Trainee: 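Below is a structure I'd like to ask you about.
Note that the structure is predicted; figures quoted are calculated from it, not measured.
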Amino acid sequence: MKKFIFFAFISSFLLVVSCKDDDVIVEDCNPTISTLSCDESPTPFNLGVSFNLPPLNLPPDNELTEEGVLLGRMLFYEKGFSKDGTIACASCHLQEVAFADPDKAVSIGVEGKVGTRNAMPLFNLMWHTRGFFWDGRAGNLREQVLMPIENELEFDSSIEDAIVYLSSQQNYREKFCEAFGDDNITDERMAKALEQFLLTIISGDSKIDRYFDEEEWLSASELRGLNLFRTEPDPTLPDTALQIGADCFHCHGESNKLFTSNDYRNNGIIGDYMNETDKGLFEVTGDINDIGKFKVPSLRNIALTAPYMHDGRFETLREVLEFYNNDVQGDSPNLHPLMHNLKNGLRLSDQQLDDLEAFLHTLTDETFLNNPAYS
């Protein structure tokens with residue numbers, strides 16, 4: 001039997017309406033503010049997870065409900081509380097590319113303002129236990145979700161203005177009432193609703209998952225790529241010899257089925273980080289040992305989330321592989337110890353690179369990409 005994610009979800013969904021949108025029906029642009037009270041308790045949200053993923057890791061103080069998830073979904077796609085009504089969370093996190101920002105090294109905010117880092121994809125967030133963003137500046141998901149509102153390069157607004165906007169919308173007051181018992185709109189409730197929706201975004205039905213379940217087989221090239229992924233380089237081989245392993249699994253191992261360690265590491269992308277403007281985790285901790293460390297992203301759906309690295313410097317997956325094969329900066333300060341084996345590059349052949357890339361494509365989850373519950 002196929003093991004995957006099942007959702008008992010609401011059968012129909014309301015459009016997010018805004019007085020600033022010309023292409024949707026506006027329900028109430030000038031409502032009379034009133035206090036609504038909802039007598040019925042929210043409906044528990046039934047969330048099931050593939051056996052190939054870790055046990056659920058949900059916040060004890062924010063139970064998932066159908067009403068809360070729906071409200072969070074509406075907020076995720078809402079542009080009305082950005083400064084000029086043009087930017088939503090979904091503007092930089094598109095479902096068809098695993099909720100990343102396609103073809104942009106860095107995302108663009110209100111008034112065309114250019115961001116500083118590549119937008120990370122959004123899925124399997126309940127298992128992120130070591131902070132959010134490339135530099136870990138948000139300790140948890142609930143803290144993270146409101147930060148873009150006040151970031152001048154993103155929404156360039158304020159929490160207060162967002163609350164005023166939402167409070168002026170009759171449909172939002174009703175949805176907050178249904179989710180939380182009354183229509184009092186607060187930053188905490190906004191964050192909890194967004195957290196609930198984002199926690200339901202799960203990816204676990206790729207070809208590699210079906211291979212682990214013995215429901216589908218890998219091609220010869222994909223299987224060779226998996227073996228390269230799982231195998232360490234041999235330090236005893238001469239520099240002129242081809243390597244037998246790509247050593248991906250230490251940072252992106254499949255043992256937890258998340259394909260990330262969720263750690264912050266310096267992967268040798270730049271030689272002299274002391275002269276770099278973006279010093280990664282150091283900017284949060286102030287610890288000189290953290291210079292050049294960035295969060296290790298999941299490799300699930302990696303074939304879709306280009307461009308790559310924290311600054312989007314690599315346009316294709318092949319460029320990433322070529323970097324590890326030839327261009328690791330072995331003298332980079334704080335280079336992770338596991339990267340020292342790559343000071344001379346992986347030394348893989350073109351065929352091995354082809355095989356490794358073929359394997360990485362098996363991590364694409366079409367079911368997740370087309371799940372209408374996230375749309």
Side-chain angles (χ1 to χ4, degrees), residues 15-31 71-122 132-138 141-169 171-172 185-187 190-191 193-195 197-198 276-280 283-284 294-295 304-315 374-375:
L15 288 173
V16 176
V17 298
S18 167
C19 297
K20 299 180 181 180
D21 293 337
D22 297 327
D23 56 346
V24 299
I25 300 172
V26 178
E27 290 187 351
D28 193 349
C29 292
N30 298 289
L71 174 58
R73 181 185 180 189
M74 294 170 66
L75 294 173
F76 184 81
Y77 286 94
E78 176 59 68
K79 297 179 180 180
F81 48 78
S82 64
K83 181 179 180 180
D84 59 5
T86 63
I87 297 295
C89 302
S91 300
C92 301
H93 298 283
L94 282 67
Q95 181 179 358
E96 60 266 29
V97 288
F99 291 99
D101 199 2
D103 304 320
K104 296 184 182 70
V106 297
S107 295
I108 306 300
V110 297
E111 301 172 343
K113 294 178 180 178
V114 179
T116 58
R117 289 180 178 149
N118 184 253
M120 301 189 82
L122 303 177
F132 290 82
F133 294 112
W134 284 103
D135 58 12
R137 64 185 181 275
L141 182 57
R142 200 177 308 169
E143 180 183 351
Q144 182 273 331
V145 291
L146 298 185
M147 286 186 173
I149 294 176
E150 297 190 310
N151 187 311
E152 64 179 10
L153 300 180
E154 297 183 66
F155 285 49
D156 194 18
S157 184
S158 69
I159 300 298
E160 293 76 13
D161 286 347
I163 291 173
V164 169
Y165 170 78
L166 294 173
S167 298
S168 73
Q169 305 293 311
N171 66 321
Y172 272 118
I185 299 176
T186 67
D187 55 348
M190 290 171 60
L194 279 164
E195 180 182 55
F197 171 62
L198 290 172
E276 283 294 311
T277 301
D278 190 345
K279 293 182 173 60
E283 298 183 9
V284 176
F294 294 88
K295 188 161 190 176
L304 302 175
T305 60
Y308 302 101
M309 303 296 175
H310 68 280
D311 53 5
R313 65 178 54 211
F314 298 131
E315 295 183 0
Y374 308 145
S375 299

Trainee: Run the side-chain hydrogen bond (donor to acceptor under 3.5 Å, both in side chains) test against Asp135 and tell me which residues pass, sequence neighbours left out.
Mentor: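 Asp135 satisfies side-chain hydrogen bond (donor to acceptor under 3.5 Å, both in side chains) with Arg117, Arg137 only.
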
Trainee: Grab the two heavy atoms, one from Thr305 and one from Val97, that are nearest each other, plus how far apart they are.
Mentor: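 That would be CG2-O, 3.7 Å.
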
Trainee: Give, for atom NE2 of His310 and atom CZ of Phe133, the distance between the pair rounded to the nearest 0.5 Å.
Mentor: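 The NE2 atom of His310 sits 15.5 Å away from the CZ atom of Phe133.
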
Trainee: For Phe76, which residues count as a ring-ring contact (aromatic ring centres under 6.0 Å, His included) partner, sequence neighbours excluded?
Mentor: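 Checked Phe76 against ring-ring contact (aromatic ring centres under 6.0 Å, His included); matches are Phe99, Phe197.
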
Trainee: Could you note down all residue pairs passing side-chain hydrogen bond (donor to acceptor under 3.5 Å, both in side chains) where residues 91-100 supplies at least one of them, sequence neighbours left out?
Mentor: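 Matches after skipping sequence neighbours: Gln95-Ser375.
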
Trainee: Should Ile87 and Asp156 be marked as a side chain to side chain contact (heavy atoms under 4.5 Å, CB included) after you check the CA-CA gap, both sets of side-chain angles, and the distance that decides it?
Mentor: CA-CA 10 Å; Ile87 297 295; Asp156 194 18; over 6 Å; no

Trainee: What's the separation between atom CG in Asn171 and atom CE in Met74, rounded to the nearest 0.5 Å?
Mentor: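 It is 4.5 Å, given to the nearest 0.5 Å.
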
Trainee: Work out which heavy atom in Lys79 is nearest to a heavy atom in Ser82; give both atom names and the distance.
Mentor: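 Answer, listing the atom of Lys79 first, then Ser82: O-OG, 2.9 Å.
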
Trainee: Before giving the answer on side chain to side chain contact (heavy atoms under 4.5 Å, CB included), spell out for Thr116 and Leu153 the whole-Å C-alpha distance, their side-chain angles and the decisive distance to 0.1 Å.
Mentor: CA-CA 8 Å; Thr116 58; Leu153 300 180; 3.9 Å; yes

Trainee: Rounded to the nearest 0.5 Å, how far apart are CD1 of Ile149 and CG of Asp161?
Mentor: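 Answer for the CD1-CG pair, Ile149 versus Asp161, is 10.5 Å.
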
Trainee: Can you name the closest pair of heavy atoms from Phe132 and Leu141 and give their distance?
Mentor: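 In terms of heavy atoms, the two residues are closest at CE1-N, 3.2 Å.
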
Trainee: Locate the shortest heavy-atom distance separating Gly115 from Val106; write the atom from each residue and the value.
Mentor: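 Heavy-atom minimum between the residues: O-CG2, 3.5 Å.
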
Trainee: Taking all non-hydrogen atoms of both residues, which atom of Leu75 and which atom of Tyr172 are closest, and how far apart?
Mentor: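 Heavy-atom minimum between the residues: CD2-CE2, 3.8 Å.
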
Trainee: So, does Glu111 use its side chain to make a donor-acceptor pair with the main chain of Lys113 at under 3.5 Å?
Mentor: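 Looks like no, no N/O pair under 3.5 Å.
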
Trainee: So, for Ala98 and Pro121, which heavy atoms are closest and what is the spacing to 0.1 Å?
Mentor: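 Closest approach of Ala98 to Pro121, heavy atoms only: O-CB, 3.2 Å.
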
Trainee: List the steps and the verdict of side chain to side chain contact (heavy atoms under 4.5 Å, CB included) for Asn118 and Tyr308.
Mentor: CA-CA 8 Å; Asn118 184 253; Tyr308 302 101; over 6 Å; no

Trainee: Atom SG of Cys89 and atom CG of Leu122: how far apart are they, to the nearest 0.5 Å?
Mentor: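 Reported value, rounded in 0.5 Å steps: 8.5 Å.
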
Trainee: Can you tell me how far the CG atom of Leu146 sits from the CZ atom of Phe155, to the nearest 0.5 Å?
Mentor: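 Reported value, rounded in 0.5 Å steps: 10.0 Å.
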
Trainee: Main chain of Lys279, side chain of Glu283: is a donor-acceptor contact present, judged purely on distance under 3.5 Å?
Mentor: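 Yes; judged by distance alone, with no hydrogens or angles, the pair exists.
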
Trainee: Heavy-atom count check: over 12 atoms from other residues, nucleotides or ligands less than 6.0 Å from Glu143 CD?
Mentor: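 Buried by this count: over 12 neighbours within 6.0 Å.
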
